[in-house]
Number of protein chains: 2
Amino acid sequence: MPEQITGPRPTLEAVAARAGVSRATASRVVNGGAGVRAPLVDKVRRAVEELGYVPNHAARSLVTRRNGAVAVIIAEPEFRVFSDPFFEQQVRGISRELTAHDAQLVLLWVEGPGDHDRIARYLGGGHVDGALAFSLHDDDRLPALIGRTRVPAVFGGRPAAGSGQGVPFVDADNRGGAREAVRHLVSLGCGTIAHIAGPRDQTSALDRLHGYRDVLAGADPALLCQGDFTEESGARAMAELLERRPDVDGVFVANDVMASGALRTLRERGVAVPGDVAVVGFDDMASVAPRTDPALTTVRQDIEGMGRLMVRLLMRLLDGTGGEPPASVVTPVTLVRRASA
Amino acid sequence: MPEQITGPRPTLEAVAARAGVSRATASRVVNGGAGVRAPLVDKVRRAVEELGYVPNHAARSLVTRRNGAVAVIIAEPEFRVFSDPFFEQQVRGISRELTAHDAQLVLLWVEGPGDHDRIARYLGGGHVDGALAFSLHDDDRLPALIGRTRVPAVFGGRPAAGSGQGVPFVDADNRGGAREAVRHLVSLGCGTIAHIAGPRDQTSALDRLHGYRDVLAGADPALLCQGDFTEESGARAMAELLERRPDVDGVFVANDVMASGALRTLRERGVAVPGDVAVVGFDDMASVAPRTDPALTTVRQDIEGMGRLMVRLLMRLLDGTGGEPPASVVTPVTLVRRASA
DNA sequence: ACCCCGGGTGGGAGCGCTCTCAGGCAGCTG
DNA sequence: CAGCTGCCTGAGAGCGCTCCCACCCGGGGT
């Protein structure tokens with residue numbers, strides 16, 4: 001029980017006095033107690049307890065030049081980003097890992113391109129030890145901006161070629177997952193496999209398309225349909241596909257939400273899934289994939305794990321004595337078999 | 001253009017030297033320049049510009065005992081809280097207002113009750129000037145916890161009676177909105193108005209129930225049905241209601257999501273809305289209310305505005321010379337008329 | 001002409017901490 | 001038993017800033 005609830009907060013000086021040691025020794029104990037003899041450690045610990053001592057963060061970071069805080073930069077180019085369950089999971093992973101590293105999460109919400117200056121100033125001001133950002137679109141100037149500030153940073157998602165040089169990223173193995181999905185359709189006996197692709201300006205969507213092509217190099221271009229990751233676009237694309245190639249018997253859809261739309265179209269037209277057409281999605285979004293009719297076979301990525309990994313990479317960057325160059329990480333994905341394929 | 005990109009960051013001392021003034025004067029200019037003659041102000045400003053000087057936050061807050069950061073505490077008792085669009089909007093409002101006040105947002109994600117200690121320690125550690133928290137459930141121990149830390153705080157949503165004493169809150173006028181909704185149904189000629197209520201342990205749900213009762217004091221208890229804010233529960237409650245009182249001609253539902261479920265039940269049974277039964281929801285959730293069939297008449301609350309208001313209240317608390325006691329704010333709501341009532 | 005007043009400026013202390021460095025006290029070797 | 005090594009401990013500087021206070025200087029009153 002802390003003794004004094006009110007009054008000025010006790011300083012290290014006070015702790016030292018109470019424990020009968022010097023400020024230096026008290027400091028050593030507070031910071032782990034390495035190289036201090038046990039009886040003294042005990043005395044200091046007790047004094048800390050009794051006084052309810054909490055280190056003054058400002059004083060500490062003034063001298064250590066570290067402030068134990070990491071910025072999480074969230075750009076909001078679209079209508080809703082934050083309420084995306086994907087983000088929720090990633091931010092949760094980040095938060096948990098940050099807590100494990102005793103670091104704080106400072107949320108930087110970018111309000112459009114005009115706000116970039118503010119972000120740059122903040123990062124440049126050294127208020128945080130590092131930054132975590134999400135790379136969403138090709139035209140996103142955030143990666144470049146962060147690269148320029150020279151603040152240690154890690155991206156979530158692979159930035160478009162050339163925009164985030166030197167900044168490591170954590171990305172799911174979109175291409176490999178896509179290959180696995182398509183191979184699964186092949187193994188099921190599908191001979192005419194289509195792909196409903198995501199937006200051209202997102203590396204994840206592009207990678208999934210590339211994975212499809214890796215397996216089905218010579219596929220008819222008519223089997224490729226463009227979507228924009230919305231349910232509606234998935235439904236439309238499926239309809240178009242059915243028209244162009246009525247013989248289609250397998251579809252790899254670039255995300256679960258579009259797959260849900262495609263499934264709807266299929267259902268409406270009385271096409272049996274997976275009997276007539278097998279469908280595989282991507283993301284294994286908890287609110288979608290297990291609930292579609294039939295339940296969606298899809299590719300799962302460990303989103304929270306990716307968030308945690310981002311933090312671990314950043315911490316390595318920060319601790320790094322400058323030796324090793326920080327390597328980006330591509331996390332494995334797994335095919336989750338349900339009913340649709 | 002900052003002159004030196006690399007090397008140690010310039011200090012105020014360097015700025016002062018370059019401008020040919022004392023550190024004190026340089027400090028005054030950096031902090032607004034009050035009481036410094038124009039030519040000197042200019043000189044210092046130029047030096048700041050040329051050196052790319054950015055104040056050291058740690059040093060500043062060491063002496064001012066302010067750190068320009070506010071904690072936003074998010075408890076997660078349920079499955080998903082963060083991805084709730086309600087939260088998104090509120091946090092966005094908070095973020096914007098905080099930015100306007102030049103303060104940072106430190107996100108504290110509470111991982112269950114066991115995590116309370118950590119939060120308390122953090123808040124008690126004086127790392128932030130104040131805290132913003134959301135009061136969700138009656139049994140939430142967060143309000144009490146925050147009250148004990150003595151950190152200036154503001155709640156979003158009214159805490160349960162007795163749990164967050166002395167801590168001001170910002171809440172929507174749930175009761176008044178409910179009254180308005182019910183009165184609207186009355187004005188439409190509805191004579192048998194039911195209520196589908198939200199969870200008993202949330203003040204917002206309770207207040208809406210009270211609003212209903214304010215207008216319909218002697219209503220048949222059979223007209224009251226319990227839901228839990230999910231779509232499914234709304235659908236079920238509506239079915240029950242239809243069974244208990246087939247003559248029901250108006251329903252006030254405690255939130256839009258449940259109203260959407262109720263609408264579904266009504267549609268499935270061929271009950272005309274608003275012809276046979278008029279329906280009013282609550283929240284005016286953008287992703288729900290305008291998209292239901294028929295579009296939902298509901299009560300709108302300015303969620304982002306509430307977030308901003310929370311920050312403004314907190315800032316007043318912080319600036320407060322201790323004079324006025326901080327008053328909670330109940331923000332007005334408006335009835336949005338669409339097709340369902 | 002002298003003094004006083006007040007706005008502007010600079011000197012310097014000190015916020016609470018970490019970290020280097022010198023000193024002290026064992027314990028061990030020669 | 002002297003000398004040396006090595007481990008602990010304490011003294012003190014200093015991180016970059018704000019703010020108090022003393023000082024300076026010009027203008028107005030006596």
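Naming convention: chains lettered A, B, ... in sequence-line order (proteins, then strands); numbering from 1 in each chain. Hydrogens, waters and symmetry mates are skipped; everything else that's a heavy atom, side chains included, is used.
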> Who pairs with A:Ala58 by side-chain contact (heavy atoms from CB on, under 4.5 Å), at least two apart in sequence or on another chain?
Replying inline: A:Asn56, B:Ser61, B:Leu62
> Whole Å only: how far is the CG atom of B:Leu12 from the P atom of C:dG14?
Replying inline: 20 Å
>> Quick test of your reading: applying ring pair (Phe, Tyr, Trp, His ring centres under 6.0 Å), list the pairs with at least one residue in residues 18-46 of chain B, sequence neighbours left out, ordered by first then second residue.
In response: none
>> For DNA chain C, which residues of residues 98-106 of chain A approach it to below 4.0 angstrom with any heavy atom?
In response: none
>> Once side-chain contact (heavy atoms from CB on, under 4.5 Å) is applied, do any residues pair with A:Ser328, and if so which ones, sequence neighbours excluded?
In response: A:Pro168, A:Phe169
>> Looking at every heavy atom in both B:Leu123 and B:Leu108, which two are closest together, and how far apart are they?
In response: CD2-CD2, 4.3 Å
> A:Asp42: what forms a salt bridge (Lys or Arg N to Asp or Glu O under 4.0 Å) with it, not counting sequence neighbours?
Replying inline: none
> Atom CD of A:Glu13 to atom P of C:dT18: distance rounded to whole Å?
Replying inline: 13 Å
> What pairs with A:Arg312 under salt bridge (Lys or Arg N to Asp or Glu O under 4.0 Å), at least two apart in sequence or on another chain?
Replying inline: A:Glu97
>> Assuming nearest nucleotide by heavy-atom distance, tell me which of A:Ala58 and B:Arg23 is located more 5' along DNA chain C.
In response: B:Arg23
> Does any pair with a residue in residues 57-66 of chain A pass salt bridge (Lys or Arg N to Asp or Glu O under 4.0 Å), and if so which ones, sequence neighbours excluded?
Replying inline: A:Arg66-A:Asp319
> Can you list the residues that meet the salt bridge (Lys or Arg N to Asp or Glu O under 4.0 Å) rule with B:Arg158, with sequence neighbours excluded?
Replying inline: B:Asp207
> Who pairs with A:His116 by side-chain contact (heavy atoms from CB on, under 4.5 Å), at least two apart in sequence or on another chain?
Replying inline: A:Val110, A:Arg141, A:Leu142, A:Leu145
> Between residues 25-39 of chain A and DNA chain D, which residues have a heavy-atom gap below 4.0 Å?
Replying inline: A:Thr25, A:Arg28, A:Gly35, A:Val36, A:Arg37
> From the 5' end of DNA chain D to its 3' end, which nucleotides mark the outer limits of contact with chain A, defined by a 4.0 Å heavy-atom distance cut-off (strictly under)?
Replying inline: D:dC8 to D:dG16
>> Once ring pair (Phe, Tyr, Trp, His ring centres under 6.0 Å) is applied, do any residues pair with B:Tyr53, and if so which ones, sequence neighbours excluded?
In response: none
> If you find the nucleotide of DNA chain D closest to B:Leu62 and the one closest to B:Ala24, which residue's nucleotide is nearer the 5' end?
Replying inline: B:Leu62
